[in-house]
2 protein chains.
Amino acid sequence: MVINSPTEKSNRILTPTLSKPKAGKVVRRLKPGSYLFRAGDEANRVYQVVSGVLRLTCVLKNGHRQVIAFSFPGDFVGFSNGTEHSTECDVLETARVIPHRWGALDNGTLDRAMHQQLMQAALREIMNMQEHLVMVGGKTSVARIASFLSVLAERLGEPFGQYTKVTLPMSRSDIAGFLGLSTETVSRAISQICTDNLVARENANALVILKPAALKALAGGGFEGL
Amino acid sequence: MVINSPTEKSNRILTPTLSKPKAGKVVRRLKPGSYLFRAGDEANRVYQVVSGVLRLTCVLKNGHRQVIAFSFPGDFVGFSNGTEHSTECDVLETARVIPHRWGALDNGTLDRAMHQQLMQAALREIMNMQEHLVMVGGKTSVARIASFLSVLAERLGEPFGQYTKVTLPMSRSDIAGFLGLSTETVSRAISQICTDNLVARENANALVILKPAALKALAGGGFEGL
DNA sequence: CGGGACTTTGACACCTCTCAACTCTCGTGG
DNA sequence: CCACGAGAGTTGAGAGGTGTCAAAGTCCCG
């Protein structure tokens, strides 16, 4: 996932120094709209995202679909504490993932490096969710969007002249579900940021970050610091 | 932590079948107000809560103190992905905790049972935060309080005639910070639930759950199901 | 060119936050 | 023993932000 207000610390997290996928390692290719796993599926693997974008969701009792996280290259998905998944993971942008046998942690068949990597991934996941929690639990809609865009810019921003362009791989509805807002409020917040000239709109899903610093300031920041 | 809408699944999570603390194992005793760890402290241990109540917080850049989680007996605290903590953990109710060397996971000095237990704890932590996220990200104040009280009733409720009594170990301010509300809204929501006769007030911090089922229904539920 | 899904914008109602006053409890000191 | 004061909790009124409903605009694809 890792959608959060970027601090010194989280920046480091956002670009983790993962060991390169080994040559000959199994890589699954996933098309947009397909599911990596569904609720009820056996949870015996964790997936390392190599490319693309995934969406982690859960279905609430009231029928709503809550977005828990987005997964970008470098992230791990599929953590579950039971024998089966209670969340669903589908593909937003054509993705490649490396499956790791999760159960292998228990029987010692896993080499130490990968073992440690998975553990670190789990811890990073906890940290990410903590930061996400902070974001959802006490910021205005504009602050959440600013925070969201800042992270997206770092994760999948492309150079665009002297600026950074971000092509949103998810719908407004997804963003809304992720940030705990309605689609209309998301739209309004983005419009607001655009009229403030912090971001420019190329089209609905392509934004150019004009003032990254101001955007982060708007976000209000997550942990520590002054 | 584990403050969430209790589903079939999470019930199982809330009362984990942990191996009993071994005889002769080191147990730290903590008084209310003391810190188990602070932001910046070296993060080389994870603590298993045996008794008492802990509070996990982080300080935001704007000075506000956000409550990330409450920890009850059976929970683990102290997960961190870096070498030092970015969160703080202090004591609300006299607690006993068992420290586990986290780094031991890497060098294989840890026995397999404990290893697996720590891993499960980390996964449960992820799951808990996911559920908490759902709760904070799209419920009314009354639903959040209902959800919160339901979990508290299961975690530290005591028999009270035919009902269950819950003595809140934390302040309104803590609850507010945890649920992403203001103290006034927390107070109002509790009052609301009381006037609806779902809960009775013995005093400000002691509540008697009169209709647990109705309370859970109000909470709206977390994952899956209808 | 037309249909459909998504996005944007507007108007309004509702919920929550903020500010403020009041109550309650509890510990201190006269 | 009672009065006082501090802190926490409750309750009220008003303002602001967000959700909801509705309609118009945009984009993509058949």
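With contacts defined as side-chain heavy-atom distances shorter than 4.5 Å, the pair Ser191(B)/Arg201(B) qualifies. Phe178(B) is not listed as a side-chain neighbour of Met170(B), based on a closest heavy-atom distance of 4.5 Å or more. Between Arg65(A) and Glu88(A) the shortest side-chain heavy-atom distance falls below 4.5 Å.
If you measure from atom CG of Asn203(A) to atom C1' of dC6(C), you get 12 Å, rounded to the nearest angstrom. Computed from coordinates, the Leu181(A) CG to dC15(C) C1' distance equals 14 Å when rounded to whole Å. Rounded to whole Å, atom C1' of dG9(D) lies 17 Å from atom CD of Glu202(B). Across the protein-nucleic acid pair, Lys139(A) atom NZ and dC17(C) atom C1' stand 18 Å apart, rounded to whole Å. Per the geometry, CD1 belonging to Ile145(A) stands 16 Å off P belonging to dG17(D), to the nearest Å. The distance from atom CG of Leu168(B) to atom C1' of dT10(D) is 15 Å, rounded to the nearest whole Å. Residue Asp174(B) contributes atom CG, which lies 14 Å from atom C1' of dG9(D) at whole-angstrom precision. In this structure, the CG atom of Leu179(A) is 18 Å from the P atom of dG17(D), given to the nearest Å.
The base of dT20(D) lies close enough to the side chain of Arg188(A) for a donor and an acceptor atom to sit less than 3.5 Å apart. With hydrogens and angles left out, the side chain of Arg172(B) and the base of dT11(D) share no donor-acceptor pair within 3.5 Å.
Nucleic acid contact for Arg201(B): sugar-phosphate only, since backbone atoms but no base atoms lie under 4.0 Å from a heavy atom of the residue. In this structure, Ser187(B) reaches the bases: a heavy-atom distance under 4.0 Å links it to at least one base atom across the strands shown. Residue Ile190(B) is classed as having no contact, given no heavy-atom separation below 4.0 Å to the nucleic acid.
In the set dT7(C), dG9(D), dT18(D), dT7(C) carries the atom at the smallest distance from any side-chain atom of Ser171(A). Picking from dT18(D), dG9(D), dT16(C) the nucleotide with the shortest atom distance to the side chain of Thr185(B) gives dT16(C). Closest to the Thr140(B) side chain, of the nucleotides dT16(C), dT11(D), dT9(C), is dT16(C).
A residue-by-residue look at Arg144(A) and Ala204(A) shows that Arg144(A) has its nearest nucleotide of DNA chain D further toward the 5' end.
Between Ser182(B) and dT16(C), a side-chain N or O to OP1/OP2 separation shorter than 4.0 Å is absent. For dT9(C), the OP1/OP2 oxygens have a side-chain nitrogen or oxygen of Ser191(A) closer than 4.0 Å.
Checked by atom type, the side-chain pair Arg172(A)/Thr183(A) shows no donor-acceptor distance below 3.5 Å.
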Can Leu156(B) and Val53(B) be said to form a side chain to side chain contact (heavy atoms under 4.5 Å, CB included), step by step?
CA-CA 10 Å; Leu156(B) 35 81; Val53(B) 181; 4.0 Å; yes

